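Everything on this sheet refers to the single structure shown next.
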Amino acid sequence: MLGVDIEDISRFENKDRVNDEKFLSKIFTQAELDYCYSKSNPAPHLCARFCVKEAVIKLLTYKGIHHSKYNDIEVYKGEYGEPYVRFLDEALQNISADISLSHDKTKAIAIAQG
């Protein structure tokens, strides 16, 4: 089963949105925000992580699991920079998903498989 999402990076270039802590905390974990804001341009990194969360939620839905708390899904980097996802909600601890994400100048995309 697969979940996929593609988004315009411009959604995360809006200064009001990118500086809105309440909005950001509903979607991202603090570790994700720290990573994205360590970059000179955080928007593509925020957008790619949002795509992962959307793709994972679609994957979960296909599996009959209805979950929509974005900040319970965390994207992190492995030893060699490869992306992984972990579930912070205890109810999802036994779920696994492989992910791939990418971005260019205007779009970000992610795929989740599990």
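What you are looking at is a predicted structure, and each value in this text was computed from that prediction instead of being measured. Only heavy atoms go into these numbers, but all of them, side chains included; no hydrogens, no water, no symmetry mates.
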Donor-acceptor pairs are to be reported for all side-chain atoms of residues 45-54 against protein atoms at under 3.5 Å, with residues two or more places apart or in another chain.
unit_1 : atom_1 : unit_2 : atom_2 : d
R49    : NH1    : H45    : O      : 3.2
K53    : NZ     : I27    : O      : 2.9
K53    : NZ     : E32    : OE1    : 2.9
K53    : NZ     : E32    : OE2    : 3.2
K53    : NZ     : Y70    : O      : 3.0
K53    : NZ     : I73    : O      : 2.3
E54    : OE2    : Y70    : OH     : 2.3

Donor-acceptor pairs are to be reported for all side-chain atoms of residues 94-109 against protein atoms at under 3.5 Å, with residues two or more places apart or in another chain.
unit_1 : atom_1 : unit_2 : atom_2 : d
D104   : OD1    : T106   : N      : 2.9
D104   : OD1    : K107   : N      : 2.8
K107   : NZ     : D8     : OD1    : 2.4

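- Put simply, F87 and Y76 are part of two different groups of oily side chains (I, L, V, M, F, W, Y) that touch within less than 4.5 Å, one to the next.
- Residue P42 comes nearest to K39 through the heavy atom pair CD-O, 3.9 Å, listed as atom of the first residue, atom of the second, then distance.
- Hydrophobic clustering of Ile, Leu, Val, Met, Phe, Trp and Tyr side chains at less than 4.5 Å, counting indirect connections, unites V75 with F23.
- In terms of heavy-atom proximity, L2 sits nearest to L59 at N-CD1, 4.0 Å.
- Linking Ile, Leu, Val, Met, Phe, Trp and Tyr residues whenever their side-chain heavy atoms come within less than 4.5 Å leaves V56 and I111 in two separate clusters.
- Taking all atoms of both residues into account, the shortest heavy-atom contact from N71 to L88 is O-CD1, 3.6 Å.
- Between the CG atom in L24 and the CZ atom in F12 there is a gap of 8.0 Å [rounded to 0.5 Å].
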Would T61 and H66 satisfy side-chain contact (heavy atoms from CB on, under 4.5 Å), going step by step from the backbone distance to the final call?
CA-CA 5 Å; T61 301; H66 300 285; 4.0 Å; yes
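- Taking D5 as the reference, K58 meet the salt bridge (Lys or Arg N to Asp or Glu O under 4.0 Å) condition, with sequence neighbours excluded.
- Other residues, nucleotides and ligands place no more than 12 heavy atoms under 6.0 Å from the CD atom of E90.
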